[in-house]
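Remember, predicted model here, so these are calculated numbers, not experimental data. Protein chains get the first letters and strands the later ones, always in sequence-line order, with residue 1 at the start of each.
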Amino acid sequence: MPRRLPRSFYRRDPQTVARALLGHRLVRQVDGRRCAGVIVETEAYLGVRDKAAHTFGGRQTARNQTMWGDCGCLYVYFTYGMHHCANVVAGRAGDPVAVLLRALDPTDGLDAMRDRRQRDVDLCSGPARLCQALAIDRSLDGLDLVKSTKLFIEPPPSRSPAPQRIVTAPRIGVQYAGAWARKPLRYYVKGNPHVSRV
DNA sequence: AGAGTGATCATG
DNA sequence: ATGATCACTCTC
């Protein structure tokens, strides 16, 4: 059995989870091949009060159903007619908050990622890029990261390196959200070259 | 800076 | 039913 983060890790406010996720490894098993990367960039979405969140104002739709369920599950949405983005559901069931996975530092299965991305660079630097690299789409929506072997999050080795410096910044691509767009709800590892933008 | 792309959503 | 929008990416 793979080592995985427990449910309790996710059952916290999304800002805490977004920050804590940095440095853990997202692992994808597909076609008997392993692809993985260290999470280096995330964003917190605060639910019904957050104008930038899909669940703002209590919206509950076919698309965002997963956000209303148990923490530790994957919320995948499709946008712009071609891109998928992946979130981890946080908080308590009924509080529809989540953390968007924005970038990985790729560590395993780079060849498969290059095949899927049709590129040698920017394999996992951006929410839709990392989904393409790891073959994540709507069919994985609702998947339980605490139990699945197809996709899960692995803690770093117990003898972990020195804690990394974390930067906060406004979230990307949510300018329509007014004051909520300016809140520092984006988290990334300072100096890491795989962060989607600085 | 502009185009691409179609599911999704709020309106009616 | 319909039209506007979109937690993005690529190319110029």
Side-chain angles (χ1 to χ4, degrees), chain A residues 10 13-22 26 37 39-69 71 73-91 95-106 110 113-143 145 151 153 167-189 193-198:
Chain A
Y10 303 103
D13 66 82
Q15 302 98 310
T16 300
V17 175
R19 181 185 287 271
L21 238 18
L22 301 178
L26 182 68
I39 299 169
V40 295
E41 181 185 355
T42 58
E43 284 176 358
Y45 286 85
L46 275 42
V48 299
R49 66 200 175 98
D50 178 358
K51 194 169 182 189
H54 289 168
T55 51
F56 173 66
R59 287 195 302 254
Q60 188 166 8
T61 65
R63 175 177 70 163
N64 69 24
Q65 201 57 28
T66 298
M67 280 187 73
W68 292 88
C71 66
C73 292
L74 191 75
Y75 167 49
V76 182
Y77 68 89
F78 181 69
T79 192
Y80 290 103
M82 53 187 118
H83 301 303
H84 293 276
C85 297
N87 297 252
V88 172
V89 177
D95 185 17
V97 299
V99 175
L100 175 67
L101 302 174
R102 282 200 59 92
L104 310 178
D105 189 335
L110 291 258
M113 294 187 196
R114 283 189 273 261
D115 286 348
R116 287 190 280 257
R117 289 272 299 127
Q118 297 289 303
R119 274 176 182 73
D120 294 341
V121 297
D122 293 336
L123 295 177
C124 299
S125 299
R129 289 169 176 165
L130 81 84
C131 281
Q132 186 178 28
L134 299 197
I136 294 172
D137 61 26
R138 272 293 272 176
S139 70
L140 271 54
D141 179 59
L143 173 142
L145 295 164
L151 186 69
I153 300 179
V167 180
T168 66
R171 293 174 294 183
I172 303 290
V174 295
Q175 296 171 75
Y176 59 87
W180 280 93
R182 274 169 256 125
K183 295 183 185 289
L185 294 172
R186 177 175 176 235
Y187 302 82
Y188 62 88
V189 176
H194 297 93
V195 169
S196 64
R197 316 153 48 168
V198 285

Legend entry - Aromatic plane relationship, A:His54 with A:Tyr75 - under 30° parallel, 30 to 60° tilted, over 60° perpendicular: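 Ring orientation of A:Tyr75 relative to A:His54: perpendicular.
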
Nearest whole angstrom, please: distance from the [atom2] of [N] to the [atom1] of [X].
X	N	atom1	atom2	value
A:His84	C:dT9	NE2	C1'	14 Å
A:Leu130	C:dA7	CG	C1'	13 Å
A:Ile136	C:dC8	CD1	C1'	15 Å
A:Arg129	C:dA7	CZ	C1'	15 Å
A:Leu123	C:dT9	CG	P	13 Å
A:Arg171	C:dC6	CZ	P	14 Å
A:Tyr45	C:dA7	OH	C1'	4 Å
A:Leu101	C:dC8	CG	C1'	15 Å

Legend entry - From A:Arg19 atom CZ to A:Thr168 atom OG1, the distance as rounded to the nearest 0.5 Å: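 Result: 6.5 Å between the selected atoms.
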
Legend entry - A:Leu130 CG to A:Cys124 SG distance, which is reported to the nearest 0.5 Å: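 Result: 6.0 Å between the selected atoms.
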
Inset, instruction - Return the nearest nucleotide to the side chain of A:Tyr176; candidates are C:dT11, C:dC6, C:dC8. - result: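 For A:Tyr176, the side-chain atoms sit closest to C:dC6.
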
Legend entry - SB check A:Arg171 A:Asp50 (cutoff 4.0 Å):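 Yes, A:Arg171 and A:Asp50 are salt-bridged.
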
Which part of the nucleic acid does [X] contact within heavy-atom distance under 4.0 Å: base, sugar-phosphate only, or nothing?
X	answer
A:Arg197	nothing
A:Asn87	base
A:Ala52	base

Inset, instruction - Verify, without hydrogens or angle tests, whether A:Asn87 (side chain) and A:Val89 (backbone) share a donor-acceptor contact under 3.5 angstrom. - result: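 No, A:Asn87 side chain to A:Val89 backbone: no donor-acceptor pair under 3.5 Å.
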
Inset, instruction - I would like to know whether A:Phe78 and A:Arg63 meet side-chain contact (heavy atoms from CB on, under 4.5 Å); could you show each step before the answer? - result: CA-CA 9 Å; A:Phe78 181 69; A:Arg63 175 177 70 163; over 6 Å; no

Legend entry - Donor-acceptor side-chain pairing of A:Thr66 and A:Asp141 below 3.5 angstrom: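 Yes.
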
Inset, instruction - Check whether the side chains of A:His194 and A:Asp105 place a donor and an acceptor atom closer than 3.5 Å, and report yes or no. - result: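 Checked: A:His194/A:Asp105 side chains pair up, N/O donor to acceptor below 3.5 Å.
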
Inset, instruction - For salt bridge (charged side-chain N to carboxylate O under 4.0 Å, His left out), just list the numbers for A:Glu43 and A:Arg102, CA-CA rounded to whole Å, side-chain angles, deciding distance to a tenth of an Å, and then say yes or no. - result: CA-CA 7 Å; A:Glu43 284 176 358; A:Arg102 282 200 59 92; 3.8 Å; yes

Any side-chain N or O of [X] less than 4.0 Å from the OP1 or OP2 oxygen of [N]?
X	N	value
A:His54	C:dA7	yes
A:Arg119	C:dT11	yes
A:Arg186	C:dA7	no

Legend entry - 4.5 Å side-chain heavy-atom contact, A:Leu104 and A:Glu41: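 SC-SC contact between A:Leu104 and A:Glu41 ruled out.
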
Legend entry - Where protein sits on nucleotides 6-12 of chain B, one letter per nucleotide: B base, S sugar-phosphate only, - none, heavy atoms under 4.0 Å: BSSSS--

Inset, instruction - Dot-bracket notation for DNA chain B is requested: 5' to 3', Watson-Crick or G-U wobble pairs only, both distances under 3.5 Å, with ( ), [ ], | and . as defined. - result: ||||.||||||.

